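Quantities reported herein were computed from a predicted structural model and do not represent experimental measurements. Residue numbers run from 1 in the order of the sequence given. We use all heavy atoms of the structure for the numbers below, so side chains are in, but hydrogens, waters and symmetry mates are not.
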Amino acid sequence: MRFNVAAAAASAALLAGGVSADDSQKVLKDESSSSTVAEAATSVSPAEIPTFTPTKLKAPFLEQFTDGWDARWKPSHAKKETGPDTEEEWAYVGEWSVEEPVVFKGMEGDKGLVVKNAAAHHAISAKFPKQIDPKGKDLVVQYEVKLQNGLECGGAYLKLLRENKALHQDEFSNTTPYVIMFGPDKCGHTNKVHFIFNHKNPKTGEYEEKHLSAPPTAKIVKTTELYTLIVHPNNTFLIQQDGETVKEGSLLEDFVPSVNPEKEIDDPNDTKPEDWVDQARIPDPDAKKPDDWDEEAPYEIVDEEATMPEDWLVDEPQTIPDPEAQKPEDWDDEEDGDWIAPTVPNPKCFEVSGCGPWTKPMKKNPDYKGIWSAPLIDNPAYKGPWAPRKIANPDYYEDKTPANFEPMGAIGFEIWTMQNNILFDNIYIGHSVEDAKALADETFFKKHPVEEKLEEAEKPKPEENKPSSPSDLKFTEDPVTYIKEKVDLFVTIAKKDPVEAIKFVPEVAGGAAALLVTFIAILASLVSGGSSPAPAVKKAAKDVKEKAKDVKDKAAEAVATGTEKAKEATKRNTRNQS
């Protein structure tokens with residue numbers, strides 16, 4: 001019944017404005033259709049939300065944060081080392097919790113590890129049941145990240161820690177040795193998916209971080225994102241986001257510093273000889289300035305051949321007092337001084353070549369040559385660019401299998417972030433690409449479509465086909481917007497220039513739009529009230545004249561206000577020029 005009331009009232013309004021019955025029905029039909037489609041697209045039924053079931057897959061390490069998680073994971077409260085130049089001392093005070101997501105929950109009963117504090121340092125780790133040695137095998141690292149509050153500045157990456165008998169979870173910190181660091185990190189303009197591995201120099205025994213030279217961009221969204229790293233024994237790797245490959249490369253070619261140093265290096269003891277000539281071209285020493293070269297000649301000279309145009313008005317000034325300006329009625333000569341009309345460009349000057357005193361124009365001097373300089377010639381003593389000689393690199397080595405990472409004994413999250421409620425879930429560390437994909441099929445690929453639908457439902461609905469300006473509006477396409485925009489535009493212009501308002505929006509000045517405004521307002525009240533159709537339409541027709549009069553009065557008030565403001569502006573401008 002409520003829809004029928006709205007339809008009747010709207011039809012009456014459109015007909016009263018001179019719109020045909022067919023057009024009025026088309027408007028209502030389009031409104032109803034778009035509303036129904038929008039509701040269908042954004043609804044998520046309980047039946048669409050899957051329920052979490054623990055996986056039966058096995059892996060060297062697989063974590064879904066089921067019961068007993070706190071026996072496997074241990075927070076750290078160590079001090080964070082900041083270096084000798086920093087007096088500040090940070091502690092890992094951030095708290096952790098295992099809970100279901102609170103934003104776009106796409107699966108019932110699916111819990112994850114959650115960062116609970118904003119602007120805090122967090123550290124937590126879990127030891128592997130036994131060490132993971134990737135030598136000669138595929139290494140697959142996969143986990144989910146859900147940025148429930150977004151990510152403006154902070155990390156959401158994980159670390160695979162080096163197997164170490166001295167590894168104490170209580171002391172896990174930024175200095176704990178790790179083998180691989182992988183995952184998203186964003187702060188300001190920096191936004192990337194880290195892939196860093198620590199490589200041991202076989203000669204010195206020292207470790208050096210190798211950073212992916214062109215990392216992919218992280219997805220900063222509130223839906224769950226799946227990050228996968230796969231490293232093959234042949235030293236190739238790939239990074240996937242949501243199951244799609246976003247980066248492929250080689251450990252030997254795509255990291256800085258490179259895994260293997262150069263075979264030869266510059267001799268640090270070699271220096272450029274004093275007589276070495278590396279200037280390829282020099283001024284010709286035999287060249288001489290020509291006798292007729294005049295460096296003093298100006299760039300431009302007066303065009304003596306120019307004549308004044310026949311229509312040039314020498315006796316006409318370029319500006320004249322504004323003939324339409326009038327001394328304000330409230331002008332006080334004693335207080336405001338002598339009134340002088342503001343000046344405007346002389347209209348006579350626009351009809352001819354120019355006004356006022358005429359002078360001959362300037363032209364380019366044909367004798368201008370500028371400062372003389374000798375032409376350049378090839379330097380006969382040129383020896384080419386100097387470079388130090390090469391010597392064998394005493395630190396050279398060749399590691400042909402950097403994919404043989406050192407054994408790993410634990411996983412840890414050691415991060416600082418300005419946003420809380422970052423959720424980690426469904427972690428897979430192992431050697432099977434197929435099992436990692438199967439786990440994603442059981443979890444991520446079931447809940448992610450639901451989360452995307454929930455996210456879409458929360459977005460504000462854009463106004464389809466919204467005209468770029470009031471002039472582009474059509475009444476039959478959107479009567480409510482048509483009337484509102486026209487009236488608002490008229491009032492806005494009238495406050496500054498009432499004459500322009502009447503010229504630009506004649507619909508409002510004529511009063512026709514006022515009638516339609518009345519009916520649209522009635523339509524809105526009927527939709528919210530839900531009364532019967534017939535009385536509502538009769539009441540709308542009865543109140544038309546009164547409502548139309550109110551709108552006309554407002555328009556008249558806007559015109560009056562605009563006129564007063566125009567007078568005041570003229571007075572201020574005139575005073576400023578006196």
Side-chain angles (χ1 to χ4, degrees), residues 42-44 46 48-52 63-66 69-70 73 75 92-126 141-159 182-188 190-194 216-228 240-244 411-428 439-440 442-460:
T42 57
S43 61
V44 177
E48 293 182 82
I49 302 178
T51 300
F52 170 75
E63 180 63 80
Q64 294 186 295
F65 298 100
T66 51
W69 72 272
D70 49 351
W73 292 82
Y92 293 97
V93 297
E95 298 176 350
W96 299 86
S97 176
V98 167
E99 56 192 51
E100 293 187 57
V102 295
V103 176
F104 306 144
K105 185 171 76 170
M107 180 176 283
E108 287 291 342
D110 185 21
K111 297 181 179 179
L113 180 67
V114 179
V115 173
K116 296 302 294 181
N117 306 99
H121 295 267
H122 293 72
I124 193 170
S125 62
V141 182
Q142 179 174 282
Y143 72 119
E144 295 174 359
V145 178
K146 188 174 177 65
L147 307 171
Q148 299 185 87
N149 292 335
L151 188 65
E152 292 299 325
C153 189
Y157 45 79
L158 58 75
K159 291 181 178 181
F182 172 64
D185 187 15
K186 181 182 185 301
C187 196
T190 299
N191 182 19
K192 57 187 173 182
V193 179
H194 282 298
T217 301
K219 292 183 180 179
I220 309 302
V221 292
K222 295 182 180 180
T223 54
T224 299
E225 295 300 306
L226 182 70
Y227 289 92
T228 307
Q240 295 179 335
Q241 291 182 354
D242 300 347
E244 298 292 331
I411 178 177
F413 293 97
E414 185 271 315
I415 58 177
W416 177 86
T417 175
M418 286 298 295
Q419 280 70 42
N420 63 348
N421 280 343
I422 300 174
L423 184 147
F424 305 108
D425 199 6
N426 295 311
I427 305 170
Y428 176 95
L439 178 64
E442 294 178 9
T443 55
F444 174 78
F445 288 107
K446 284 186 176 181
K447 63 185 173 184
H448 192 249
V450 179
E451 293 183 6
E452 288 186 315
K453 202 168 185 180
L454 291 170
E455 181 186 38
E456 186 65 28
E458 193 175 273
K459 291 180 180 178

Closest approach of [X] and [Y], non-hydrogen atoms and distance?
| X | Y | answer |
| --- | --- | --- |
| H122 | K116 | NE2-N, 3.9 Å |
| Y227 | V193 | CE2-CG2, 3.7 Å |
| Y157 | I415 | O-CG2, 3.9 Å |
| G155 | I422 | O-CD1, 4.1 Å |
| L226 | Q142 | CD1-CG, 3.7 Å |
| N149 | Q419 | O-CG, 3.6 Å |

Electrostatic pair K459-E456, nearest N-O below 4.0 angstrom:
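A salt bridge links K459 with E456.
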Hey, are E144 and K447 close enough for a salt bridge, meaning a charged N less than 4.0 Å from a carboxylate O?
yes
Once the angle between the rings of W73 and F413 is folded into 0 to 90°, is it parallel (under 30°), tilted (30 to 60°) or perpendicular (over 60°)?
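W73 vs F413 ring planes: parallel.
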Mind checking whether W416 and H121 have parallel, tilted or perpendicular rings, split at 30° and 60°?
tilted
Side chains of [X] and [Y]: does their closest heavy-atom pair fall under 4.5 Å?
| X | Y | answer |
| --- | --- | --- |
| T223 | H448 | yes |
| I49 | K105 | no |
| V115 | W96 | yes |
| I411 | I427 | yes |
| N421 | V114 | yes |

Using modelled atom types and a 3.5 Å cut-off, is there a donor and acceptor pairing between side-chain atoms of [X] and backbone atoms of [Y]?
| X | Y | result |
| --- | --- | --- |
| N117 | E95 | yes |
| E48 | V450 | no |
| K146 | V103 | yes |
| Q241 | E225 | no |
| N426 | Y143 | no |

If I take atom [atom1] from residue [X] and atom [atom2] from residue [Y], how far apart are they, to the nearest 0.5 angstrom?
| X | Y | atom1 | atom2 | value |
| --- | --- | --- | --- | --- |
| L113 | L423 | CG | CG | 7.5 Å |
| F65 | E100 | CZ | CD | 14.5 Å |
| N191 | K219 | CG | NZ | 12.0 Å |
| S125 | K159 | OG | NZ | 11.5 Å |
| T51 | K446 | OG1 | NZ | 9.5 Å |
| Q64 | F52 | CD | CZ | 4.0 Å |

side-chain contact (heavy atoms from CB on, under 4.5 Å) evaluation trace for V141 with Y428:
CA-CA 6 Å; V141 182; Y428 176 95; over 6 Å; no
Between Y92 and E414, does any side-chain donor sit less than 3.5 Å from a side-chain acceptor?
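Yes, E414 and Y92 have a side-chain donor paired with an acceptor closer than 3.5 Å.
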Please check if any side-chain donor atom of E451 sits under 3.5 Å from a side-chain acceptor atom of T224, or the reverse.
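Present: a donor and an acceptor within the cut-off.
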Other residues, nucleotides and ligands only: do more than 12 of their heavy atoms fall within 6.0 Å of NZ on K186?
yes
